Number of protein chains: 2
Amino acid sequence: MRLTSKGRYAVMALVDLARFDGINPVSLRDISLRQSISLDYLEQIFSKLRKKEIVQSVRGTQGGYILNRKAKEIKLTNIFDAVDEKVKTVQCKKESKKGCNGKSTKCLTHNLWDELETHINNFFDKKSLDDLVKENFERRL
Amino acid sequence: MRLTSKGRYAVMALVDLARFDGINPVSLRDISLRQSISLDYLEQIFSKLRKKEIVQSVRGTQGGYILNRKAKEIKLTNIFDAVDEKVKTVQCKKESKKGCNGKSTKCLTHNLWDELETHINNFFDKKSLDDLVKENFERRL
DNA sequence: ATGATACTTGACTATTTTGGTCAGGTTTAT
DNA sequence: ATAAACCTGACCAAAATAGTCAAGTATCAT
Ligand code: FES
Ligand code: FES
């Protein structure tokens, strides 16, 4: 069970961005330099964040990105969802009645993985971008 | 964040095996057929489980595998550990003081991922093989 | 004894996912 | 005008995953 870089970078970049929220747009170039993330890769990530209305873009010189909602209202769930970093524990299709084993009943462990998925998602549902910025600020004191 | 088949199969196979615990050894062939898991793949998995003393092997005709400890004392953590299905959320090396960004301090999100890792591991620490067998039995009623 | 069953080991491989890069745009402030 | 910055899609290499395959060895039932 590993977290991918895409999800990690998305959150990292947004925390960086959120710190300047309301001051001015933040360019990907700056985030790239500060967080050591490839600029090209960041562009892919922000394209998705924009489509899911997590951020807004400001084009042209002095442009960049700004948050499209309040940091308190952006949960990790939203971010992960936007960049397709989904939590997937079961093998089967959930809607289907068939199990991952091809049989007509769910496998011995289906229920367990489903519980696990819920458990993990609970974590993501609770944490907001605002929480992260604050925790990070406190740790500096 | 996805669970791999190796971890999923390991637990699935052990639940199957645990149901016959104390009655007789269970052959991988049987598990393979019942759970629709490749026999060759199961062999790899059980080799690891044996090395970590989760199961014991009984060779020869009518042989198979039996649990090496009580089902109540086998936690998901132990199983996942045995088959190298580790939960990995941070990018950096934990012991190192350096961050995943190559800088001398941990990145903005390090702490978050560390929390997440703990959160997930809590789940695995709680669940035992015995729990799983029982839950499964109850669901049948 | 001897076959059949089942564990044991190690190498090998195909597929998928990941983590990017690259090339070529378009927009807009100065 | 021009440079800064966003935008898009195609492309690609490395790593991880999910197996397969081959060649054993041990043990039991008959
Ligand atoms: S994971 Fe859903 S049936 Fe096995
Ligand atoms: S994950 Fe540890 S420093 Fe970024």
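From a predicted model like this one, the values you see are computed outputs, not experimental measurements. Note on naming: letters A, B, ... go to the chains in the order of the sequence lines (proteins, then strands), and numbering restarts at 1 for each one.
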Applying salt bridge (charged side-chain N to carboxylate O under 4.0 Å, His left out) to B:Lys94 and B:Asp114, what does each step give before you reach the verdict? CA-CA 9 Å; B:Lys94 274 197 182 183; B:Asp114 210 33; 3.0 Å; yes
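- In the 5' to 3' direction, nucleotides of DNA chain D lying under 4.0 Å from heavy atoms of chain B begin and end at D:dT17 to D:dC28.
- In this structure, A:Ile45 is a member of the same hydrophobic cluster as A:Phe20, with clusters built from ILVMFWY side-chain heavy atoms closer than 4.5 Å.
- Listed in residue order, the members of residues 99-108 of chain B having a heavy atom less than 4.0 Å from DNA chain C come to none.
- Checking each of B:Asn68, B:Leu129, B:Val55 against B:Ile74 for a side chain to side chain contact (heavy atoms under 4.5 Å, CB included) leaves exactly one that passes, namely B:Leu129.
- Each of A:Val83, A:Asn78, A:Asp81 was evaluated against A:Ile54; a single residue qualifies, A:Asn78, per the side chain to side chain contact (heavy atoms under 4.5 Å, CB included) test.
- Using a 4.5 Å cut-off between side-chain heavy atoms of Ile, Leu, Val, Met, Phe, Trp and Tyr, with links allowed through other members, A:Val58 and A:Leu28 fall into different hydrophobic clusters.
- Side-chain heavy atoms closer than 4.5 Å link hydrophobic residues (I, L, V, M, F, W, Y) into clusters, and following such links, even through other members, never connects A:Met12 to A:Ile66.
- Using a 4.0 Å heavy-atom distance criterion, A:Val55 is classed as making no nucleic acid contact.
- Between A:Asp40 and A:Gln62, it is A:Gln62 whose nearest contact on DNA chain D lies nearer the 5' terminus.
- Hydrophobic clustering of Ile, Leu, Val, Met, Phe, Trp and Tyr side chains at less than 4.5 Å, counting indirect connections, unites A:Phe123 with B:Val90.
- Toward the 5′ end of DNA chain C lies the nearest nucleotide of B:Asp30, the other residue of the pair B:Asp30 and A:Arg2 mapping further downstream.
- By the 4.0 Å N-to-carboxylate-O rule, B:Lys48 lies close enough to B:Asp84 to be salt-bridged with it.
- Contact footprint of chain A on DNA chain C: nucleotides with an atom under 4.0 Å from a non-hydrogen protein atom, first to last in 5' to 3' order, C:dT18 to C:dA29.
- Ring-plane geometry between B:Phe80 and A:Trp113 is classed as tilted, the angle between the planes lying from 30 to 60 degrees on a 0 to 90 degree scale.
- Between A:Thr61 and B:Glu43, the residue anchored nearer the 5' end of DNA chain D, judged by the nucleotide with its closest heavy atom, is A:Thr61.
- Atom CZ of B:Arg69 has more than 12 heavy atoms from other residues, nucleotides or ligands within 6.0 Å.
- Between A:Gly60 and A:Gln44, the residue anchored closer to the 5' end of DNA chain C is A:Gln44, taking for each the nucleotide with the nearest heavy atom.
- Side-chain contact annotation: B:Thr118 with B:Asn121, donor-acceptor N/O pair under 3.5 Å absent.
- A:Phe46 comes within contact range of no nucleotide atom at all, as no heavy-atom separation falls under 4.0 Å.
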